Amino acid sequence: MSNSDEIRYCQRCSYVFLKFVLFSYAIVWWLIGGFILAIGIYAEVERQRYKTMQGMFLAPAIILILLGIIMFIVSFIGVLASLRDNLTLLKVFMYTLTVCLLLELLGGIVALAFRNQTVDLVNKNIRRGIVNYYDDLDFKNIMDFVQKKFKCCGGQEYKDWSVNMYHNCSAPGPLACGVPYTCCIITKPNEVANTFCGYKVLEKERLDLIDIIHIRGCTDAFFIWLMDNYKIMAGLLLGILLPQFFGVIVTWLYVTRVEDAINEYGHSMDGLLDTNTQTRVAKRHGRMSKWFKCMPDID
């Protein structure tokens, strides 16, 4: 076997390997995207059944639906492109992954660079959610979880609850001038909290409430938790960014292999787009090439 034959054989091995890796990568994310989309649709149907708030700024169902649609469409492009060796679709898939990766990095940099503005925006949205706390089940569940998990109350501070029509000091009823029980301090494990433990706390001074409710706002509590658990967050960020970076690299390498195959055979390998496919002389295929219709012909 000549040196040129050895080089061509190595190129074909790389082609098969990259094709299998890219197809597996795309099909896995395609299935994950479809699963997330299905969960989002189900959650949105349930949200509409209970007539929750129309605002979508913190609706998990809407976030899941949008994320699922993007993942499903982009991954399907990758599946089709890897099957058919369509250079246009391959480049669309690669550039889309690249743009998403850059936008995520840019968003993180902007959020850190303008931290104060980011915190103000988060606090503003939390106050908007507090206004409709008892009408939006999604936000209520999220806020209750955050207040219990991070031992906090409200967005910027516990007095944010005064914007709620039931907790405002001018409102009638037992909730007036109070906060939800999830703000209350629990001293014993698995202790059942008194649902009226936050009664009239908005009328009291901050220092008088240290042993009654968590006076720290949830925004500050969350950022403190991030700094205390930076290793976990670093691992989470890598888990989000590395798969996308891996997809970009594999797609780029595969595009070069497809271009090499086109230069070698003199035509596109996509049978869907090549009108002369049926007129080509049939050649013997290896076992791996039978898995896909667009594998290169092997002499």
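All of these numbers come straight from a predicted model, not from anything done at the bench.
- Looking at residues two or more places apart in sequence or on another chain, you find a side-chain contact (heavy atoms from CB on, under 4.5 Å) between Leu106 and Val110.
- Trp225 is linked by a ring pair (Phe, Tyr, Trp, His ring centres under 6.0 Å) to Phe150, counting only residues two or more places apart in sequence or in another chain.
- Within the model, atoms CG of Leu67 and CD1 of Ile70 stand 6.5 Å from one another, a figure rounded to the nearest 0.5 Å.
- With sequence neighbours left out, the ring pair (Phe, Tyr, Trp, His ring centres under 6.0 Å) criterion links Tyr166 to Tyr134.
- Between the CD1 atom of Ile215 and the CG atom of Leu207 there is a distance of 7.0 Å, given to the nearest 0.5 Å.
- Remark: Cys177 engages Cys169 in a disulfide (SG to SG under 2.5 Å) (not counting sequence neighbours).
- Not one N or O on the side chain of Asn229 forms a donor-acceptor pair closer than 3.5 Å with the backbone of Ile232.
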Using a 3.5 Å cut-off and no angle test, enumerate the donor-acceptor pairs between side-chain atoms of residues 114-121 and protein atoms at least two apart in sequence or in another chain.
unit_1 : atom_1 : unit_2 : atom_2 : d
Thr118 : OG1    : Ala111 : O      : 3.3
Thr118 : OG1    : Phe114 : O      : 2.9

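- Tyr133 meets the ring pair (Phe, Tyr, Trp, His ring centres under 6.0 Å) test with Trp161; sequence neighbours excluded.
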Applying side chain to side chain donor-acceptor pair (under 3.5 Å), run through Asp144 and Tyr181 and close with a yes or a no.
CA-CA 9 Å; Asp144 287 341; Tyr181 74 93; 5.5 Å; no
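- Annotation: ring pair (Phe, Tyr, Trp, His ring centres under 6.0 Å) contacts of Phe196 (sequence neighbours excluded): none.
- Sorted by first then second residue, the disulfide bond (SG atoms under 2.5 Å apart) pairs that include residues 208-253, not counting sequence neighbours, are Cys152-Cys218.
- Within the 4.5 Å cutoff, side-chain heavy atoms of Lys204 are placed close to those of Ile212.
- Applying the side-chain hydrogen bond (donor to acceptor under 3.5 Å, both in side chains) test to Thr251 and every residue at least two apart in sequence or in another chain returns nothing.
- Asp160 places no side-chain N or O within 3.5 Å of a backbone atom of Arg127 that could act as its donor or acceptor partner.
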Tabulate below the donor-acceptor pairs under 3.5 Å that side-chain atoms of residues 21-36 make, not counting sequence neighbours, or state none.
unit_1 : atom_1 : unit_2 : atom_2 : d
Ser24  : OG     : Phe20  : O      : 2.8
Tyr25  : OH     : Pro243 : O      : 2.7

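- Connectivity analysis of hydrophobic side chains (ILVMFWY, heavy atoms under 4.5 Å, direct or indirect) links Tyr199 to nothing; its cluster partners are none.
- Judged as a salt bridge (charged side-chain N to carboxylate O under 4.0 Å, His left out), and not counting sequence neighbours, the contacts of Arg206 are Glu157.
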